[in-house]
Every structure is written in C-alpha cells, then in structure tokens.
Amino acid sequence: MPEVMIITGTRKGIGRYLAEYYTGKGYSVVGCSRSEMDKEIAGYEHHCLDVADEQAVQQMVNEVRKKYGRIDVLLNNAGIASMNHILLTPLATVRKIFETNVFGTFLFAREVAKVMCRQKYGRIVNFATVAAPLKLEGEAAYAASKAAVDNFTKVMAKEVASFNITVNALGPTPVATDLIKGVSDDKMDDLIRTQAIKRLGTFKDIVNVTDFFISKDSDFITGQTLFLGGIS
Amino acid sequence: MRDKAVVLVKEAVSELNEELDYDSLRDVNDQTPLFGGESGIDSLSLVMLVTTLESAIFDELGCTVSLADEKAMSMRNSPYRSVGALAEFIAEKLGEV
Ligand SMILES: NC(=O)c1ccc[n+]([C@@H]2O[C@H](COP(=O)([O-])OP(=O)(O)OC[C@H]3O[C@@H](n4cnc5c(N)ncnc54)[C@H](OP(=O)(O)O)[C@@H]3O)[C@@H](O)[C@H]2O)c1
C-alpha cells in the first residue's frame with residue numbers, strides 16, 4: 001500500500017515540486033490550491049479550495065480518508081506573502097495573510113490529525129520562513145503569521161505526541177518562486193548576505209528536510225523548526 | 001435526528017472502548033457520563049471519541065460537522081458530559097447543516 005500524503009498549495013512553486021517529487025517516490029498525493037492545475041501528474045489528485053475555508057477543508061480530508069483509508073503525511077505548504085511598510089499595509093492584506101498562513105495551517109493540521117490520531121501514526125510538516133527569525137523589515141504581517149505557525153507547530157507537537165504523530169516546521173531561505181518575484185535584487189542580495197551559506201535555496205534543499213521529517217525513523221523528532229542556510 | 005445521534009454515539013463509544021476498556025463504558029445508556037467528573041474518560045480519549053464521531057457522521061450521513069466546542073471544559077454545560085448530552089449536541093449541529 002503506498003503511503004498517502006496531503007500537500008497544500010500545489011498549483012505552483014514549492015508545492016508543485018513537492019507533488020511531483022513525492023508522486024515520483026511512490027506516494028499517493030492529494031493536493032489543493034485555489035485554482036486548477038495546468039497539467040496532470042500521475043498519482044496525484046487535485047482539489048480546488050481555499051485552505052481557510054473550514055467546510056471545504058473538512059470535506060476534502062474526509063473524502064481522502066474515505067477513499068484511501070489513511071493519511072500518513074501532511075505538508076502544510078500553502079502560503080502567501082506581502083511586502084509593505086506597516087504604515088501602508090491595509091488590514092485586508094493582513095487578514096488574508098493570516099487566513100492562508102495561520103488559519104489554513106491550523107485547519108489542515110487539525111483535520112488531518114483527527115485521522116492520524118486514530119491510525120496512531122502521522123507526520124505533519126508546516127512551512128515557516130527565515131523572515132521570522134531575521135525580523136525582516138517590510139514583512140511584518142508575513143513574518144508575524146509565520147511566527148504563529150512556528151509556535152503552533154511546537155504546541156501541537158506536544159498535544160499529539162502520544163498518538164505517534166510528529167509536527168515539525170521548515171523555514172526556507174528565499175527560493176526562486178513567484179512568492180519572492182516582487183522583491184528587488186538589492187533587497188534579495190542583502191538578505192542572502194545575512195545567511196551563513198550565501199545562496200538562494202532550491203527545491204532540493206526543501207525536500208531534503210521534508211524527507212528527514214517524514215521518515216519513519218524520525219519518530220523522536222518533533223516540535224522543531226529547521227531553518228535553511230544557517231539562519232537560526 | 002436525536003435517535004440517530006444516540007445510535008451514532010453509542011456505536012462510537014463501543015468502538016472506542018474496544019481499545020480503551022473503561023469499565024464505565026461497558027454498558028452505555030443516555031445517562032452514561034463521558035467527559036468530566038470522576039467516572040469519565042480522559043481528554044485524549046475524548047479527542048478520539050469526537051474524531052470517531054465526526055468521521056462516522058460523514059460516512060453515514062454525508063455531511064461534515066465540527067463537534068469542537070468552546071464549552072468543552074465546563075462541567076455543567078459541556079456537550080461532552082454524557083452520552084445523551086453529546087447526542088443532543090450532534091442533533092443540534094446536524095439541524096444547522
Ligand atoms: N519561495 C520562498 O522564497 C519561500 C521562503 C520561505 C518560505 N516559503 C514558504 O513556502 C511555501 C510555498 O511558497 P512558494 O514560494 O511555493 O509560493 P508560490 O509560488 O506563491 O505558491 C503558493 C502556492 O500556494 C497556493 N495557495 C496560495 N494561497 C492559497 C489558499 N488560500 N488556499 C489554497 N492554496 C493557496 C497557490 O495556488 P493558488 O494560487 O492556485 O491558490 C500556490 O500553489 C509558503 O508557505 C511560503 O511562505 C517560501
């Protein structure tokens with residue numbers, strides 16, 4: 001029986017790569033994003049939903065449980081960013097960021113953990129960012145939302161540990177996706193200079209960490225946020 | 001709807017008790033205490049019960065409900081205090097769907 005994995009935010013960027021990589025490794029992958037995929041991936045099933053829509057998330061997780069019988073891994077990747085000075089940031093933007101990054105992560109983690117706690121096994125990986133520990137100017141709302149994800153990860157790790165579910169987070173450095181395409185080259189260079197290892201992150205750097213977190217052998221690794229590039 | 005809810009709760013409690021083996025849950029009726037008080041189940045067992053019920057409701061009735069409740073930890077009003085109270089709570093939730 002292939003292991004069953006849910007990945008959020010799979011239409012493009014890191015999530016898209018994760019869907020291709022883990023179907024390639026033989027997982028049954030079910031993913032979601034607000035829009036349709038532009039091309040099919042073998043072994044992958046897509047749902048169109050907003051991760052902050054409670055009903056839709058419950059419906060999807062229930063359907064996956066019913067169809068596949070179990071859910072082994074959740075990669076809570078869907079996320080949005082916005083760069084702006086605090087004094088110029090509309091509340092609506094902050095709300096949207098928190099809805100996607102915090103509420104979406106919460107809803108998927110809660111619903112999937114309900115399935116995992118009954119099968120007494122599960123691996124959850126949330127997505128943080130180096131923008132939080134670096135306290136990056138211009139990213140207050142985004143960094144705050146991901147700081148929330150970081151803390152949520154640590155508390156949830158304790159609450160579900162007895163069900164043999166681990167909850168960890170990965171904090172990527174900048175990786176070339178649409179998420180960062182609005183950031184100027186100067187700003188990006190400054191940011192990368194603060195890293196111990198001064199280069200952009202790659203999709204491979206990401207799966208190196210997710211592979212580790214979701215490995216069966218990582219059953220003693222939980223409540224950790226691992227930052228790439230030497231940021232702490 | 002309440003009768004159906006009682007059946008679902010009783011089934012879920014028996015299913016769960018195969019694993020948990022609480023003496024107090026061997027013979028279940030409306031008054032059987034669930035969560036809170038001395039004879040009740042612990043909070044992790046409550047989590048299991050609630051998730052088992054949510055899945056059963058989806059599988060049998062095809063609707064998604066969340067049985068999460070702010071009053072969970074209050075003794076007097078908790079919808080999880082007894083089999084009957086939980087069934088009542090589910091019937092109410094299903095009425096809203
Ligand atoms: N790239 C980086 O430099 C970087 C650095 C640190 C952390 N991260 C984190 O890594 C994760 C992935 O980022 P990325 O760079 O791959 O971003 P991206 O290229 O912008 O992709 C975001 C993905 O999430 C989906 N999505 C966005 N909002 C959604 C919502 N409300 N509901 C469902 N799906 C939604 C998008 O699809 P739809 O538009 O179709 O919904 C898309 O597939 C994010 O959590 C991000 O914060 C990225």
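Heavy atoms only: backbone and side chains are in, while hydrogens, waters and symmetry mates are out. By convention in this document, chain letters (A, B, ...) are assigned in the order of the sequence lines, proteins followed by strands, and residues within each chain are numbered from 1.
Counting heavy atoms of neighbouring residues, nucleotides and ligands inside a 6.0 Å radius, atom CG of D27(B) does not exceed 12 of them. Counting non-hydrogen atoms of other residues, nucleotides and ligands closer than 6.0 Å to NZ of K158(A) gives a total of 12 or fewer. Under a cut-off of 6.0 angstrom, the local environment of CD1 in I86(A) is sparse, with at most 12 non-hydrogen atoms contributed by other residues, nucleotides or ligands. Atom CZ of R2(B) sits in a crowded spot, with more than 12 heavy atoms from other residues, nucleotides or ligands closer than 6.0 Å.
Between R65(A) and E54(B) there is no salt bridge, since none of the side-chain N atoms of the basic residue sits less than 4.0 Å from a carboxylate O of the acidic one.
Taking each heavy atom of T51(B) and C117(A) in turn, the nearest pair found is OG1-SG, 4.0 Å.
Distance check, rounded to the nearest 0.5 Å: OG of S43(B) to CD of E159(A) gives 9.0 Å.
Across Q58(A), E63(A), E111(A), E54(A), the residue that shares the most heavy-atom pairs under 4.5 angstrom with chain B is Q58(A).
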